[in-house]
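The structure appears below as structure tokens.
Just so you know, ligand 1 is whichever comes first in the structure, and atom 1 is the first atom listed for that ligand. These numbers come from the heavy atoms of this one structure, side chains and all, not from hydrogens, waters or symmetry mates.
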Amino acid sequence: MSTAQQASDTPRKYQLFIDGQWVDAESGKTFETPNPATGATLAEVAEADKADVDKAVAAARRAFEGKWSKMSARERGRLLYKLAQLIETKSRELAALETADNGKPIKESSYIDLPGVVENFEYFAGWATKIEGETIPVPGQMFNYTLREPVGVCGQIIPWNFPLLMAAWKLAPALAAGNTVVLKPAEQTPVTALELGHLIQEAGFPEGVVNIVPGYGETAGASLAAHPGIDKIAFTGSTEVGKLIARAAAENLTKVSLELGGKAPNIVFADADLDQAVNGAMMGIFFNQGQVCCAGSRLFLDERVKDEFLGRFKERAERVKVGDPMDTQTQMGPQVSAEQLTRIKSYVDIARSEGATVLAGGSTPELEGDFKKGFFFSPTIFSEVENKMRVAQEEIFGPVASVITFKDEDDLLRQANETIYGLSAGIWTRDITRAHRFAKGIKAGVVWINTFNMMNAASPFGGYKQSGYGREMGKHALEMYTQVKSVWVDLSGRPIGWFGK
Ligand code: NAP
Ligand code: MG
């Protein structure tokens, strides 16, 4: 597959992965997933709904009570490591499929997504044998210890912006801790998660440990979130749907973790290295077509550097190479879907009506041939934005930066925190005390100083406020996928309390 068109020549076909088998949906229904660069059909995929989710949950329960719980931690770790190796071996093909299904540049899927997937499975493979309980120094002739046990059957619902990477963030810690999973990929991008199903089979995971049920959120997703047979639901996506998930889960008091939207402040102080900060602003908002929950979508500029910074930022934004995502020179591909493109375009009108200026982009780029039908949008900068405007408060989820200027630090911190979100923030300064003062003052789960979008499987990621709860990656992710049991043992041999004798 050398070009986006070739990747979509003959639509591929995928079934559901339930109980170790590839099966059609009970309803027999299928849906198509297009290549967003051309609009051509990439694959025809079986469409799961409630009946299939029921089957998948039952299979995951059998696996949890059966073979999986009898396996040693070492065996679980080895399976995860084997899976990481299989993914690595197939990473070129998986990267090409990810680009064909999602539209992200092949450079990103090859050098960011796929290595991240392998890293996460390797990292959590190592954890499988290191999940331990504690002994607690309780008073008296008592021995008290804790067991850290898996939660059980986990429902995992993931978005389309990093399809395979989000599957890895979810599956790796859940499996390392001994849970079984029913995974629902996004309707826009089910292909690589289903390819992963084949590798899970090849690695030798017992049947039913991982089940994959592509389908629509309103049907497959909703029935998974509300299912009384699952013990935990993990979700990444919009804050709006996150609330629906939490509500559905409340009915059965299913444990929930949510990784939701963001509107990150990316703050440039006058003393920053401006070259680096411009690069950071570019990476913050144009990476992955701006479809990143932690994107630096509110760019706060110190008034004193505004003109110089914006001059350079605009020039760089207008030079971004937008086009065929299979071309290794491409820096931005299409948005994931026609819906997302329409949504982004609507914010250009909103920005204008609110009194902001469209400094760069704001429209669809002129492209040739099949790419005319793709969902492309140009790198866009809104200047003269005020923090209270909708373009500064709502998650646009596209390559759109809203620029806000500031004069003093206190006012800046107040504005930076004036948002319902709290996922991430960036700070550009050479002043070490200011950098750490801000890192502390910002209400967000991740802060980057003189860098942006840095992540590692060992480092926790997650939100404050309406950006969600729970932390993915690092040892914190294991807290979401384990529960603690406290065991008491009497060492005295005497009757307890006043009921004895
Ligand atoms: P979304 O609806 O939140 O989708 C995320 C996942 O939830 C998908 O698998 C989706 O399935 C599923 N889902 C949707 N409705 C559901 C329901 N009622 N019950 C259970 N699961 C459900 O996001 P979207 O509609 O694709 O995108 C809309 C906006 O969400 C974006 O513009 C962006 O602001 C935000 N978003 C954020 C992230 C993030 O990483 N934080 C990622 C994606 C989108 P289907 O896709 O099959 O409907
Ligand atoms: Mg949706």
>> Using the side chain to side chain donor-acceptor pair (under 3.5 Å) criterion, which residues pair with Gln483? Sequence neighbours excluded.
In response: none
May I ask you to check if ligand 1 and [X] share an N or O to N or O distance below 3.5 Å?
| X | value |
| --- | --- |
| Tyr216 | no |
| Gly215 | yes |
| Gly217 | yes |

Side-chain donor-acceptor pairs of residues 455-465 under 3.5 Å, sequence neighbours excluded:
residue : atom : partner : partner atom : Å
Asn456  : OD1  : Ala458  : N            : 2.8
Lys465  : NZ   : Asn417  : O            : 2.9
Lys465  : NZ   : Thr419  : O            : 2.9

Considering only heavy atoms of [X], which atoms of ligand 1 have at least one such atom less than 4.0 Å away?
| X | answer |
| --- | --- |
| Ala186 | 9 (O), 46 (O) |
| Ala222 | 19 (N), 20 (C) |
| Ile158 | 6 (C), 8 (C), 9 (O) |
| Arg343 | 32 (O), 34 (O) |
| Leu244 | 18 (N) |
| Pro159 | 42 (C), 43 (C) |

Of the side chain and backbone of [X], name the one, both, or neither that has a heavy atom under 4.0 Å from an atom of ligand 1.
| X | value |
| --- | --- |
| Ile245 | side chain |
| Leu260 | backbone |
| Glu240 | neither |

Counting heavy atoms only, which of [options] comes nearest to [atom]?
| atom | options | value |
| --- | --- | --- |
| atom 27 (O) of ligand 1 | Gln335, Glu395, Gln340 | Gln340 |
| atom 10 (C) of ligand 1 | Gln188, Gln156, Glu47, Lys184 | Lys184 |
| atom 6 (C) of ligand 1 | Phe162, Tyr421, Phe397, Phe235 | Phe235 |
| atom 20 (C) of ligand 1 | Ala220, Gly221, Ala225 | Gly221 |
| atom 5 (C) of ligand 1 | Ile157, Leu224, Thr236, Val241 | Thr236 |

Answer yes if the side chains of [X] and [Y] hold a donor-acceptor pair under 3.5 Å, and no otherwise.
| X | Y | value |
| --- | --- | --- |
| Ser337 | Gln188 | no |
| Asn266 | Arg298 | no |
| Tyr469 | Glu259 | no |

> Do Phe64 and Trp68 have ring centres separated by under 6.0 Å?
Replying inline: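 No, the ring of Phe64 stays outside the 6.0 Å limit from the ring of Trp68, centre to centre.
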> Parallel, tilted or perpendicular: which describes the rings of Phe371 and Phe376, with under 30° parallel and over 60° perpendicular?
Replying inline: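 Phe371 vs Phe376 ring planes: perpendicular.
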>> Can you classify the ring geometry of Trp127 versus Tyr123 as parallel (below 30°), tilted (30 to 60°) or perpendicular (above 60°)?
In response: perpendicular
>> Applying side-chain contact (heavy atoms from CB on, under 4.5 Å) to Leu16 and Ile212, what does each step give before you reach the verdict?
In response: CA-CA 6 Å; Leu16 313 177; Ile212 307 172; over 6 Å; no
> Side chains of Lys50 and Asp54: closer than 4.5 Å at any heavy-atom pair?
Replying inline: yes
> With Ser257, which of Gln156, Lys232, Lys170 fulfils side chain to side chain donor-acceptor pair (under 3.5 Å)?
Replying inline: Lys232
